[in-house]
There are 2 protein chains.
Amino acid sequence: MKLASLKDSPDGSLLVVSSDLSRAMRIGVTMQLAMDRWDWFEPKLRAAAASLESGEDRLVIDFAAALANGEIGAPLPRAYEWLDGSAYLSHVERVRRARNDKVPESYKTDPLMYQGGAGRMSGPRDPLRAVTEDWGIDLEGEVAAIVGDVKMGAAPAEAARAVRLVTILNDVSFRRLIPAELAKGFGFVNGKGANALAPVAVTPDELGDAWRDGRLHLPLVCHVNGKELGHPNAGTDASFGLFELIAHAAKTRELAAGTLVGTGTISNHDRNVGYACLMEARLVEQVEQGEAKTPFLKFGDTVKIEMRDAKGASVFGAIEQRVEKYQ
Amino acid sequence: MKLASLKDSPDGSLLVVSSDLSRAMRIGVTMQLAMDRWDWFEPKLRAAAASLESGEDRLVIDFAAALANGEIGAPLPRAYEWLDGSAYLSHVERVRRARNDKVPESYKTDPLMYQGGAGRMSGPRDPLRAVTEDWGIDLEGEVAAIVGDVKMGAAPAEAARAVRLVTILNDVSFRRLIPAELAKGFGFVNGKGANALAPVAVTPDELGDAWRDGRLHLPLVCHVNGKELGHPNAGTDASFGLFELIAHAAKTRELAAGTLVGTGTISNHDRNVGYACLMEARLVEQVEQGEAKTPFLKFGDTVKIEMRDAKGASVFGAIEQRVEKYQ
């Protein structure tokens with residue numbers, strides 16, 4: 001089952017979307033309410049999805065057109081918690097090296113994770129906005145789980161049962177603001193921009209064999225200005241899966257339904273697959289060519305992030321953002 | 001005007017509360033909706049408050065009884081963003097010294113701020129829960145503003161106009177988990193517990209002259225097990241007021257209505273006023289007596305945090321929590 005939200009209010013209106021992302025049905029509640037009362041809503045949503053796939057239902061929205069018209073928001077337009085891990089060692093190594101910093105000793109047993117802002121997430125076609133290019137604007141292609149209620153101290157197996165939906169996102173970073181914030185130790189307040197989510201979030205069953213061990217075993221294809229930046233596989237080289245990351249987030253607190261937990265930038269040790277953020281490309285250039293040549297994003301640049309299944313079909317739809325000056 | 005929420009659902013039901021905290025009127029919407037559409041709701045809420053003060057309205061709730069019965073949640077039971085500053089230099093100095101760390105150079109011009117969890121905030125009489133006492137459970141008495149929409153890059157003067165409500169809170173800390181998280185640089189994910197908010201949040205006009213320059217010039221009285229821990233004045237020794245802290249939070253992103261921005265633990269240079277967290281008491285003992293004698297909180301301990309106006313009336317009602325083992 002695939003779910004989305006119409007961009008008609010701060011919380012949006014929940015849509016059940018056909019598997020091929022062409023059509024949708026409006027449900028009349030918000031995604032957050034569905035997360036709050038999932039057991040009650042899930043069978044009704046699945047019935048709506050079955051009706052939609054049968055093609056018999058005539059009260060359908062042209063989802064592809066609504067998406068193209070900018071009418072689709074983030075599947076969960078605002079979330080109470082956004083906790084983002086950093087599960088790919090190659091990303092951590094490359095980025096830390098770029099700022100003359102080491103990978104923390106504890107990295108392999110204790111996940112890196114920060115809490116970010118999710119009070120106003122961007123839709124898949126919303127602009128990526130910044131006041132100035134000087135911030136060092138970068139994309140970060142990631143996978144995220146949206147969970148139901150999670151108890152304090154939940155083990156990874158309990159965390160696994162709490163995963164309601166999976167999606168991809170652009171965790172926008174302002175690279176030149178991050179070193180100063182890291183030095184303060186308090187995490188990122190200014191160093192991250194508004195996340196953009198894919199058009200749909202999907203139930204784990206929709207992912208088939210590609211979803212196992214809390215990892216999504218598919219390549220995340222990232223383009224900048226129409227040129228491929230990389231297609232690292234989200235199932236490869238992850239030190240921690242989403243189940244471990246959710247358990248880490250819940251170690252000392254309950255997680256409320258609708259909490260979004262992310263993997264961190266997808267990154268593989270194999271450089272031939274490229275990257276899901278510009279920072280890594282720059283670091284490798286710096287080491288191999290003496291200087292970083294790939295620029296950070298400029299106003300007018302475009303970013304595209306998408307994941308396709310084994311048959312080549314877009315799983316979540318594409319995130320396509322244009323970088324704009326904030327007015 | 002004073003506002004609260006009945007604990008009847010994840011978002012609660014908004015109450016207008018009489019100035020003396022004795023009675024309340026149920027409004028039939030959530031606090032979040034009132035935040036989302038403040039211009040529309042504010043005059044209606046003020047009319048309800050005037051009716052309540054006149055004593056003529058008979059459809060009132062006994063607020064004091066509801067509070068005593070544990071029926072009152074946090075005024076905003078779940079917030080999309082919780083951004084907490086650290087505005088009091090004496091707190092930063094004492095706590096950093098306790099972990100053999102220095103106050104960051106940038107402190108006086110660039111606020112320390114972390115993003116925390118607010119997806120499930122505790123009500124004023126809810127237990128303070130932890131899995132184990134070994135975490136080093138501590139209270140932190142703070143002042144917070146709840147804002148309306150704030151634009152990216154808003155100046156402090158714009159931030160000032162966005163302040164809708166002011167309240168106090170207990171920003172629960174797990175002291176023994178914090179050093180390892182600070183070393184990682186990504187902020188606090190495990191080192192902080194669920195915040196508890198006061199029974200009511202109030203509009204700035206309710207605070208009179210005590211609210212100026214984004215600072216609340218009243219002592220915050222903190223008790224542990226019935227014994228006063230301290231009464232530092234929130235208007236004294238703050239390097240940054242809430243207007244500056246809100247502007248800092250909004251430097252690179254919009255803040256959604258209902259965002260909660262905090263001052264950090266209230267702390268004064270004058271030791272005679274005591275402390276709003278146990279960590280500071282322990283540090284001073286360590287320096288003066290060779291060892292920390294004040295223990296962190298144990299299961300069964302009680303915490304009380306309250307602010308009284310010049311006439312001795314409780315402004316927000318008291319936060320009164322019992323420390324309990326999480327089951």
Side-chain angles (χ1 to χ4, degrees), chain A residues 9-11 32-33 36 78-84 86 101 104-107 110-120 129-131 135 149 151-153 172 174 177-178 180-194 248-259 326, chain B residues 9-11 32-33 36 78-84 86 101 104-107 110-120 129-131 135 149 151-153 172 174 177-178 180-194 248-259 326:
Chain A
S9 60
D11 291 308
Q32 182 61 48
L33 190 63
D36 288 341
R78 50 184 183 180
Y80 291 106
E81 313 261 353
W82 159 235
L83 292 147
D84 195 17
S86 188
D101 207 350
E105 295 274 334
S106 61
Y107 177 83
D110 181 35
L112 277 175
M113 181 174 282
Y114 77 93
Q115 176 129 20
R120 188 168 287 181
R129 298 184 299 171
V131 171
W135 290 345
D149 290 327
K151 285 188 181 171
M152 192 191 299
V172 174
F174 301 130
L177 304 184
I178 283 181
E181 290 202 311
L182 275 172
K184 293 196 286 182
F186 273 38
F188 313 110
V189 172
N190 296 154
K192 295 281 178 177
H248 179 75
K251 189 177 164 192
T252 64
R253 58 168 147 173
E254 296 178 328
L255 302 180
T259 293
Y326 183 85
Chain B
S9 61
D11 291 309
Q32 183 60 51
L33 189 63
D36 287 341
R78 48 185 185 180
Y80 291 104
E81 311 260 353
W82 159 233
L83 293 147
D84 195 17
S86 189
D101 207 351
E105 295 275 334
S106 59
Y107 177 84
D110 181 35
L112 277 175
M113 182 173 282
Y114 77 94
Q115 177 129 19
R120 189 169 285 182
R129 296 183 303 169
V131 170
W135 290 346
D149 290 328
K151 285 189 181 170
M152 192 190 298
V172 174
F174 301 130
L177 305 183
I178 283 180
E181 291 202 311
L182 275 173
K184 293 196 286 182
F186 272 39
F188 314 110
V189 172
N190 297 154
K192 295 281 179 177
H248 179 74
K251 189 177 163 191
T252 63
R253 56 169 148 172
E254 296 179 328
L255 302 180
T259 292
Y326 184 83

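By convention in this document, chain letters (A, B, ...) are assigned in the order of the sequence lines, proteins followed by strands, and residues within each chain are numbered from 1. Excluded from the calculations below are hydrogen atoms, water molecules and symmetry mates; all remaining heavy atoms, backbone and side chain alike, are included. Just so we're clear, the structure is a prediction, and the values are computed from it rather than from any experiment.
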Mind ranking [options] by heavy-atom pairs under 4.5 Å with chain B and telling me who comes out on top?
options: A:Val131, A:Asp11, A:Asp84, A:Asp36; value: A:Asp36
options: A:Pro10, A:Ser9, A:Ala79, A:Ala249; value: A:Ala79
options: A:Ser86, A:Gly116, A:Gly153; value: A:Gly116

Below 4.5 Å from any heavy atom of chain A, which atoms of B:Leu83 appear? Answer side chain, backbone, both or neither. side chain

For [X] and [Y], work out which heavy atoms get closest and say how close.
X: B:Lys184; Y: A:Leu182; result: O-CD2, 4.3 Å
X: A:Tyr326; Y: B:Met152; result: OH-N, 3.2 Å
X: A:Ala256; Y: B:Gly119; result: CB-O, 3.4 Å
X: B:Val189; Y: A:Thr252; result: O-OG1, 4.0 Å
X: A:Tyr114; Y: B:Phe186; result: CB-O, 3.4 Å

By a 4.5 Å heavy-atom criterion (distance strictly below it), what part of [X] contacts chain B: side chain, backbone, both, or neither?
X: A:Trp135; result: side chain
X: A:Arg78; result: both
X: A:Asn190; result: both
X: A:Asp110; result: both
X: A:Ala194; result: neither

Specify which of B:Lys151, B:Arg120, B:Gln32, B:Arg129 makes the most heavy-atom pairs with chain A at under 4.5 Å. B:Arg120

Measure the acute angle between the ring planes of A:Tyr80 and B:Tyr80, then classify it against the limits of 30° and 60° as parallel, tilted or perpendicular. parallel

